[in-house]
Amino acid sequence: MNFHDAREILNNWSSFFDPSLSEASSNKRLEPAPRSEAARKAWWYESDRVIDWRSPRCSAYLVAYLQIADGPIPLTGIPLDDGFIHPDRSVMQALDHAGCIRMDDGMFHLTDKGEALVTPWLQIDRATGFSVTVQRRRG
């Protein structure tokens, strides 16, 4: 998957969860390399911006990142064919703080709470190494 495809997924989910949006508000450019400082959990909490994990933005970004990564989301960035897309710090901080994801072994992993949040839109198959199948429907 290239950046254009990843950006399209992010934009589609953003407008799906919030029809007033035509595009996602972050991840607007391809990153050339992983973000090494993001490997530290403390880095994710350095942001002063606090958002509600129940917001359409958090749901849209989590669903998009899982679809793009096709599994656990690397803390330092999701590798693409032409570079990286870095998870939004405020979104991931909110989801971690709420217990929807956990940071372990350099990855964001879904918790049971996080899986319940995304299952109206994604089918998570852990038996096959965590494949993601899109099943769009309003939750």
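Hydrogens, waters and symmetry mates are skipped; everything else that's a heavy atom, side chains included, is used. Because the structure is a prediction, the values reported are computed rather than measured.
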Roughly how far, to the nearest 0.5 Å, is the [atom2] atom of [Y] from the [atom1] atom of [X]?
| X | Y | atom1 | atom2 | answer |
| --- | --- | --- | --- | --- |
| L110 | I124 | CG | CD1 | 5.5 Å |
| L10 | D88 | CG | CG | 9.0 Å |
| F3 | K28 | CZ | NZ | 10.5 Å |
| C100 | E115 | SG | CD | 12.0 Å |

| request: Give a yes or no on whether R40 atom CZ has more than 12 heavy-atom contacts from other residues, nucleotides or ligands under 6.0 Å away. | output: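 More than 12 within 6.0 Å, yes.
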Quick one: side chains of residues 73-81, donor-acceptor pairs under 3.5 Å with protein atoms, not counting sequence neighbours, listed by atom name and distance.
{"residue": "D81", "atom": "OD1", "partner": "M1", "partner atom": "N", "Å": "3.4"}
{"residue": "D81", "atom": "OD2", "partner": "M1", "partner atom": "N", "Å": "2.9"}

| query | Of L66, V63, L62, which meets side-chain contact (heavy atoms from CB on, under 4.5 Å) against W13? | reply |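 One option only clears the test, and that one is V63.
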Which residues pass the side chain to side chain contact (heavy atoms under 4.5 Å, CB included) test with [X], sequence neighbours left out?
| X | result |
| --- | --- |
| R54 | D52 |
| S36 | none |
| D96 | K41, Y45, I101, M103 |

Please list, chain by chain and in numerical order, all residues satisfying side chain to side chain donor-acceptor pair (under 3.5 Å) with [X], sequence neighbours excluded.
| X | answer |
| --- | --- |
| E8 | none |
| S20 | D18 |
| D104 | R102 |

Search all heavy atoms of [X] against all heavy atoms of [Y] and return the closest pair with its distance.
| X | Y | value |
| --- | --- | --- |
| R89 | E46 | NH1-CB, 3.4 Å |
| A94 | W53 | O-CB, 3.6 Å |
| N2 | H4 | OD1-N, 3.1 Å |
| A24 | N11 | N-OD1, 2.8 Å |

| task | Tell me, please, which residues at least two apart from K113 pass salt bridge (charged side-chain N to carboxylate O under 4.0 Å, His left out). | result |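 Expected list: none.
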| query | Same hydrophobic cluster for M107 and V118, using side-chain heavy-atom links shorter than 4.5 Å among ILVMFWY? | reply |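 Cluster IDs for M107 and V118 differ.
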| field | Verify same cluster id: F16, L117 (apolar side-chain graph, 4.5 Å) | value |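 Both belong to a single hydrophobic cluster.
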| When you measure from the side chain of R7 to the backbone N and O of E23, does any donor-acceptor pair fall under 3.5 Å? |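 Side chain of R7 to backbone of E23: no pair is present.
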| field | Whether S90 side chain and V50 backbone form a donor-acceptor pair below 3.5 Å | value |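 No, S90 side chain to V50 backbone: no donor-acceptor pair under 3.5 Å.
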| Taking only residues two or more places apart in sequence or in another chain, which ones pass ring-ring contact (aromatic ring centres under 6.0 Å, His included) with W44? |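 So W44 forms a ring-ring contact (aromatic ring centres under 6.0 Å, His included) with F108.
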| query | Which pairs, with at least one residue in residues 57-102 and sequence neighbours excluded, count as a ring pair (Phe, Tyr, Trp, His ring centres under 6.0 Å)? | reply |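 The answer is Y61-Y65.
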